[in-house]
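Presented below is the structure to which this report refers.
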Protein chains: 2
Amino acid sequence: MYFCVNKYLMTRSEENYIKTIFHLGRKGTQEVATNAIAELMETKPSSVTDMIKRLSEKDLVNYKRYQGVSLTALGNKTALGIIRKHRLWEVFLVEKLDFSWDEVHEVAEQLEHIKSDKLIDSLDRLLAFPKFDPHGDPIPDKNGGFKERDRELLSEVAINTGGVCVGVKDSSATFLKFLDKNGIALGNQIKVMEIEEFDGSLNIEIDGRKMQISHVIASNLYIKAKDEI
Amino acid sequence: MYFCVNKYLMTRSEENYIKTIFHLGRKGTQEVATNAIAELMETKPSSVTDMIKRLSEKDLVNYKRYQGVSLTALGNKTALGIIRKHRLWEVFLVEKLDFSWDEVHEVAEQLEHIKSDKLIDSLDRLLAFPKFDPHGDPIPDKNGGFKERDRELLSEVAINTGGVCVGVKDSSATFLKFLDKNGIALGNQIKVMEIEEFDGSLNIEIDGRKMQISHVIASNLYIKAKDEI
DNA sequence: ACAAATTTTTAGATTTGCCTAAAATTTAAT
DNA sequence: ATTAAATTTTAGGCAAATCTAAAAATTTGT
């Protein structure tokens, strides 16, 4: 395969930049700003500029001075490969090693850089080709293809509707632990009963149990909207 | 834990040096030579000297100029930790991902550097606390303890004796593939029928089947000597 | 024992990836 | 539109890990 030449020469640091640029590029459609990359990676803008030049020479990003950066087709494919590995390892950690969903990220950040096609394809098979990671995010297939699940934020749905909880927007350990503590997990049936006008907090029914959650919580939970309950 | 402070600051390169010094130190009881390290790691003696100095400052090795190098107690513990990880990952690759025993080394070389105590202990549990890796080498426990199995080289046993094949001395892909091709695997019952005076080759019976192997092959196969057959 | 060969170390350079400080460019504000 | 503010890049430096070439120490051979 053609792209392998490139993939196998990439350093850990280069891979992390590519991944960050990919994630930032998803949000806005525009070019990604140097400062944004630096902030997310907890490094300095000057370091980012350095790296961007190197990535540009390897044809992983499109770069024009002062104009921000975007991934090339090759960069995009590379990013999806790394994300595939990250998310498959997350599934492995939860399914096979009993990690909780707030513990997987740190270790997956290391495992995602292991280089072996056979390893990741075998892992995929061991896990029975999962389509989503423990936070509900889609796992790209071998060729980088994946489809975003049809979902919406709980904060956006109308009263008396709901669906199955299928993902989180914020997957920080803090938020995930909060959800654990309150018995909220992927797969739960959630129905919005009432929305408080004053602060936007929601009265919901989750797997039959009634509880109240703030607007912030609701705006970080995805549900698969399919039917009125 | 005290040693963790050190462990978590180690670079991949430092870990590889420690591992190499450990392996070389096993063979001879003496100090390990700079040149020997350089050769095994495919690097230059001057690079080795540089690194040894750094390791010495971190109290991982004992070092006196021109006098070779040996691991400190801390260095030894560190080495055993890395070897534990390497061998557990090898078991994982064979048992769970259907790798063959000649394919595991390269990937395990990468996986052994992943830093997470929880990860490795969970992996240990998933694999049901294996005591030996796919080549028959012992896996250190959490505290670095392990016992060498009571075994001997097939080339050393007397005619009409034998035992179960429990390990290989040379675990290069070349040798392992040769064994596969000839249907020799760990667990086989092997009995020495005759030893050729001329070239030292052996007529053996392996799981009931008769075959002839060279002295070189026999001197790279370990059997658990327990009983005459 | 002493010269020759080998091994080991030093010295100085290179690459990667990061830093700080200062200069260049773009964007925002009045 | 021009200045002020923010962003981005350049320039120069640093640490890790490597290299080559040359110097120092040890070992070996006779």
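Throughout, protein chains are lettered first and strands after them, A, B, ... in sequence-line order, and every chain is numbered starting at 1.
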For [X] and [N], give me the distance from atom [atom1] to atom [atom2], rounded to whole Å.
X	N	atom1	atom2	result
A:M41	C:dC19	CE	P	10 Å
B:D50	D:dT20	CG	P	13 Å
A:I52	D:dT7	CD1	C1'	12 Å
B:M51	D:dT18	CE	C1'	10 Å
A:E31	D:dT8	CD	P	12 Å
B:E42	D:dT18	CD	P	13 Å
A:Y66	D:dT8	OH	P	10 Å
A:Q67	D:dT9	CD	C1'	12 Å

Donor-acceptor pair, distance only, cut-off 3.5 Å: does the side chain of [X] make one with the backbone of [Y]?
X	Y	value
B:E14	B:T11	yes
A:T78	A:L74	yes
A:H105	A:S172	no

query = Taking the nucleotide of DNA chain C with the closest heavy atom to each, which residue, A:Y17 or B:Y63, is nearer the 5' end?
reply =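 Result of the comparison: B:Y63.
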Below 4.0 Å: OP1/OP2 of [N] and any side-chain N or O of [X]:
X	N	answer
A:S47	C:dC19	yes
B:T43	D:dC19	yes
B:K44	D:dA17	no
A:R54	C:dT16	no

message = Categorize B:S13 for me: base, sugar-phosphate, or nothing, with a 4.0 angstrom heavy-atom threshold over every strand shown.
response =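 Contact class for B:S13: sugar-phosphate only.
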request  = Select base, sugar-phosphate, or nothing to describe what B:T34 touches, counting heavy atoms under 4.0 Å on all strands.
outcome  =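 Answer is sugar-phosphate: B:T34 comes under 4.0 Å of backbone atoms only.
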Nearest-nucleotide pick for [X], side chain only, options being [options]:
X	options	answer
A:E14	D:dT8, D:dA17, C:dG17	C:dG17
B:A33	D:dT10, C:dT8, C:dT10	C:dT8
A:R65	C:dT9, C:dC18, D:dT9	D:dT9
A:N35	D:dT18, D:dT20, D:dT7	D:dT7

request  = Would you tell me whether A:H113 and A:N16 have side-chain atoms, one donor and one acceptor, within less than 3.5 Å of each other?
outcome  =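 Yes.
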query = If you take atom types as modelled and just measure distance, does the side chain of A:S46 reach the base of C:dT20 with a donor-acceptor pair under 3.5 Å?
reply =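 Flag set: donor-acceptor pair detected.
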task = Take the angle between the ring planes of B:F178 and B:F175 and call it parallel below 30°, perpendicular above 60°, tilted in between.
result =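 Parallel.
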